[in-house]
Amino acid sequence: MTNNTEAQIRVRFAPSPTGFPHVGNIRTALFNWLFARHHGGTFILRIEDTDTARRVEGAVESIMDGLRWLGLDWDEGPVFQSDRLHLYRAAAETLIHKGMAYHCFCTAERLEQVRAEQARQKLPPRYDGRCRTLDPAQAAQRVADGEPSVVRFKTPIEGETVVHDLIRGDVTFSNTILNDYVLLKSDGYPTYHLANVVDDHDMGITHIMRADEWISSTPLHVMLYDAFGWRPPAFAHLPMILGPDKAKLSKRHGATTVTEYREQGYLPEALFNFLALLGWALDDKTELFTRDELVAAFSLERVGKTAAVFNMPKLDWMNGVYIRGLTREAFAQRALPYLERDLPASVVRPLDLNYVVQVAALIQERTKVLSEVAGLSDFFFVDTLSYTSADLVAKGMDAGGTLAALQAVSQVIEIIEPWEAATLESTVRPMCDTLGLSAKQLFGVLRVALTARTAAPPLFDTMEVLGKARTLKRLADAASTVKL
RNA sequence: GCCCUCAUCGUCUAGAGGCCAAGGACGCCAGCCUUUCAAGCUGGAGAUCAGGGGUUCGAAUCCCCUUGGGGGCACCA
């Protein structure tokens with residue numbers, strides 16, 4: 001699978017710490033990681049923290065946390081761009097000396113005016129080039145005098161730039177529509193464009209895999225590589241992930257950050273599998289992949305071009321598949337923290353793991369996300385149930401019959417030993433005849449008495465896990481609840 | 001407004017000229033199983049392959065136009 005050339009492959013995931021990583025970002029990380037692992041290459045984490053204003057406290061930790069949770073381990077980094085400002089400044093200087101960049105002294109207000117005027121004339125908003133023709137010596141003097149400035153790239157005003165993209169093919173941009181982009185901001189920090197190009201070159205990145213939204217700024221990057229005399233890496237612009245409204249996925253689409261998926265109880269291996277299928281498919285049928293299978297199967301050639309809507313119901317299904325695939329012990333282990341978190345405060349912690357394993361076995365195949373385990377099983381943990389007399393009386397029955405059934409069953413099972421589901425069933429089921437009830441009716445009454453709900457795990461398994469004492473207690477409570 | 005781009009069931013997708021009167025998955029519906037809910041099994045509805053022109057003996061697949069969607073156009077990334 002790997003040969004000498006491939007072993008050189010170096011890719012990176014380069015998020016900016018301006019918020020918590022959402023699934024779109026993570027999918028990009030996943031593809032980079034898969035590509036690196038498939039080819040035996042290197043996966044690098046780089047933090048693009050050049051926007052001092054939008055920096056968010058804790059974002060870096062949550063990015064790393066999310067990557068670790070999904071098992072996307074990085075080989076180098078995290079590299080912080082804020083530690084490398086000298087590199088970008090030197091690079092900007094180089095370009096100024098080459099006459100390919102210049103200092104611009106235009107104020108934010110003037111830029112604003114220019115844009116407003118262009119908008120009024122329905123022209124594309126772009127820098128009008130006022131400082132482009134300033135005398136470099138004079139400009140240098142003004143900078144030396146302390147006048148604030150930015151460094152702009154002297155974008156060629158004619159010709160065209162072709163971006164070779166592994167997924168899109170060749171994409172041609174006319175240089176006339178390109179802007180004199182800012183390379184270095186007035187605070188001395190580089191913009192994304194400069195830092196990105198300098199770093200990717202410096203770090204020996206061979207393939208840039210990033211979301212499709214970046215393709216518009218790629219011609220600038222190509223020109224920058226050119227201006228520096230560097231060979232650009234290969235580009236692969238990945239199809240975007242959309243919300244249900246088909247717009248770029250964002251906060252307003254509900255749970256989009258990885259952290260939230262974890263809190264809701266999605267299994268990392270399920271999200272991993274699901275995300276891999278957003279914009280990539282192996283064939284016409286395979287949907288379930290282990291991590292290793294994905295690493296072995298992944299290829300850029302099979303990445304699609306069309307944006308994909310994030311299909312929540314399918315994720316739920318897939319999560320359910322992964323949950324059912326767990327051993328009951330593993331499932332209990334995974335469910336435990338969610339139970340501790342979600343069960344009512346009245347339930348004593350810590351929970352007994354052996355008991356949780358027994359409960360877990362009964363709800364496992366009914367669970368899609370771990371955040372619902374407490375709701376599915378709380379009656380196994382709480383002391384008192386809440387239901388009314390009417391809830392107890394099954395369809396076609398009256399209060400008297402219900403009470404009689406409850407008492408009859410209590411009496412019969414009281415002497416059952418050993419307390420096992422099979423024995424309970426073989427004892428109670430025949431009582432339907434004696435009591436003149438259908439199984440549906442009798443079991444329905446018992447179900448409400450024991451669980452306070454109409455949908456629950458199999459009755460006799462529930463009794464077994466509840467234990468004789470609690471079962472009898474609940475039947476007695478139910479009997480006293482019935483209003484004749 | 002300008003630039004780029006995409007276009008197969010509601011959604012994720014297979015399809016790289018004939019194997020496609022379009023296959024799989026999720027979801028939906030029905031039946032079976034069954035003490036409920038799930039799970040499982042079986043079956044079903046669901047795409048005139050956005051529309052219109054070409055090219056070709058033959059097009060979902062190639063070309064053009066239209067339409068629609070998405071993205072970009074900051075001293076944000």
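Below, chains carry the letters A, B, ... as their sequence lines are ordered, and counting in each starts from 1. As the structure is a computational prediction, the values presented were derived from the model and not from experiment.
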N/O (side chain, [X]) to phosphate O (OP1/OP2, [N]) under 4.0 Å:
X: A:K305; N: B:G70; answer: no
X: A:R302; N: B:G15; answer: yes
X: A:R168; N: B:C4; answer: no
X: A:R429; N: B:U34; answer: no
X: A:T50; N: B:A77; answer: yes
X: A:K246; N: B:U11; answer: yes

Of the candidate nucleotides [options], which contains the atom at the shortest distance from the side chain of [X]?
X: A:W214; options: B:U35, B:A77, B:C26; value: B:A77
X: A:K440; options: B:C2, B:C26, B:U36; value: B:U36
X: A:K314; options: B:A25, B:U35, B:C75; value: B:A25
X: A:K185; options: B:A77, B:C12, B:C2; value: B:A77
X: A:N311; options: B:A77, B:G69, B:C26; value: B:C26
X: A:L242; options: B:G15, B:U5, B:G70; value: B:G70
X: A:A281; options: B:U36, B:A77, B:U13; value: B:U13
X: A:M240; options: B:G1, B:U36, B:G71; value: B:G71
X: A:V171; options: B:A77, B:G1, B:C4; value: B:C4
X: A:R447; options: B:G70, B:U35, B:A77; value: B:U35

Remember a base hit wins even if backbone is also touched, and classify [X] as base, sugar-phosphate or nothing at under 4.0 Å, heavy atoms.
X: A:A308; value: sugar-phosphate
X: A:V309; value: sugar-phosphate
X: A:T172; value: sugar-phosphate
X: A:F173; value: sugar-phosphate
X: A:P125; value: base
X: A:P239; value: nothing
X: A:I177; value: sugar-phosphate
X: A:G320; value: nothing
X: A:E48; value: sugar-phosphate
X: A:S16; value: sugar-phosphate
X: A:K368; value: sugar-phosphate
X: A:P244; value: nothing
X: A:R55; value: nothing
X: A:R152; value: sugar-phosphate

Rounding to an integer number of Å, can you tell me how far [X] [atom1] sits from [N] [atom2]?
X: A:H221; N: B:C4; atom1: NE2; atom2: C1'; result: 15 Å
X: A:D128; N: B:C2; atom1: CG; atom2: P; result: 21 Å
X: A:L238; N: B:C6; atom1: CG; atom2: P; result: 14 Å
X: A:Y192; N: B:G72; atom1: OH; atom2: C1'; result: 13 Å
X: A:N179; N: B:C75; atom1: CG; atom2: P; result: 8 Å
X: A:D212; N: B:G71; atom1: CG; atom2: C1'; result: 7 Å
X: A:L278; N: B:A25; atom1: CG; atom2: P; result: 18 Å
X: A:K248; N: B:G71; atom1: NZ; atom2: P; result: 7 Å

[N] pairs with which nucleotide, Watson-Crick or G-U wobble, both distances below 3.5 Å?
N: B:G27; value: none
N: B:C9; value: none
N: B:C2; value: B:G72

Out of the candidates A:F20, A:Y266, A:F272, A:F274, only one should pair with A:Y261 under the ring-ring contact (aromatic ring centres under 6.0 Å, His included) rule; please name it.
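Only match with A:Y261 under ring-ring contact (aromatic ring centres under 6.0 Å, His included): A:Y266.
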Which residue, A:S186 or A:D461, contacts RNA chain B at a nucleotide closer to its 5' end, judged by nearest heavy atom?
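Its nearest nucleotide lies further toward 5', so the answer is A:D461.
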Which comes earlier along RNA chain B counting from the 5' end, the contact point of A:V182 or that of A:I167, where each point is its nearest nucleotide?
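Nearer the 5' end of the strand: A:I167.
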Looking at A:Y88 versus A:H193, is the centre-to-centre ring distance below 6.0 Å?
no
When the [atom1] atoms of [M] and [N] are compared, how many Å lie between them, rounded to an integer?
N: B:A47; M: B:C9; atom1: P; result: 10 Å
N: B:A45; M: B:A22; atom1: P; result: 11 Å
N: B:A39; M: B:C29; atom1: P; result: 12 Å
N: B:A60; M: B:G51; atom1: P; result: 11 Å
N: B:G71; M: B:A25; atom1: C1'; result: 28 Å

Against A:Q81, only a single residue in A:D199, A:D49, A:N196 fulfils side chain to side chain donor-acceptor pair (under 3.5 Å); can you say which?
A:D199
Result of checking A:R132, A:K154, A:R130, A:R126 against A:D180 for side chain to side chain donor-acceptor pair (under 3.5 Å)
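Result: among A:R132, A:K154, A:R130, A:R126, A:R132 is the only option passing the side chain to side chain donor-acceptor pair (under 3.5 Å) with A:D180.
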Does A:R152 make a cation-pi contact with A:Y127, if we ask for NZ or CZ under 6.0 Å from the ring centre and within 45° of the axis?
yes
Can you name the closest pair of heavy atoms from A:W317 and A:R324 and give their distance?
O-NH2, 4.3 Å
Could you pull out the closest heavy-atom pair between A:R252 and A:A247, with the gap in Å?
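A:R252 and A:A247 have their closest heavy atoms at NH2-CB, 3.8 Å.
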Candidate pair A:F298 and A:F31, rule ring-ring contact (aromatic ring centres under 6.0 Å, His included), full reasoning
CA-CA 8 Å; A:F298 187 80; A:F31 279 25; 5.2 Å; yes
Using only heavy-atom distances, decide whether a donor-acceptor pair under 3.5 angstrom links the side-chain of A:R126 to the base of B:C73.
no
Go through the N and O atoms of the side chain of A:T306 and the base of B:C6, and report whether any donor-acceptor pair is under 3.5 Å.
no
Side chains of A:H253 and A:P244: does their closest heavy-atom pair fall under 4.5 Å?
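The answer is yes, as the side chains (C-beta and beyond) meet within the 4.5 Å cut-off.
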Is A:F153 close to A:L194 at the side-chain level, that is, under 4.5 Å between some pair of heavy atoms?
no
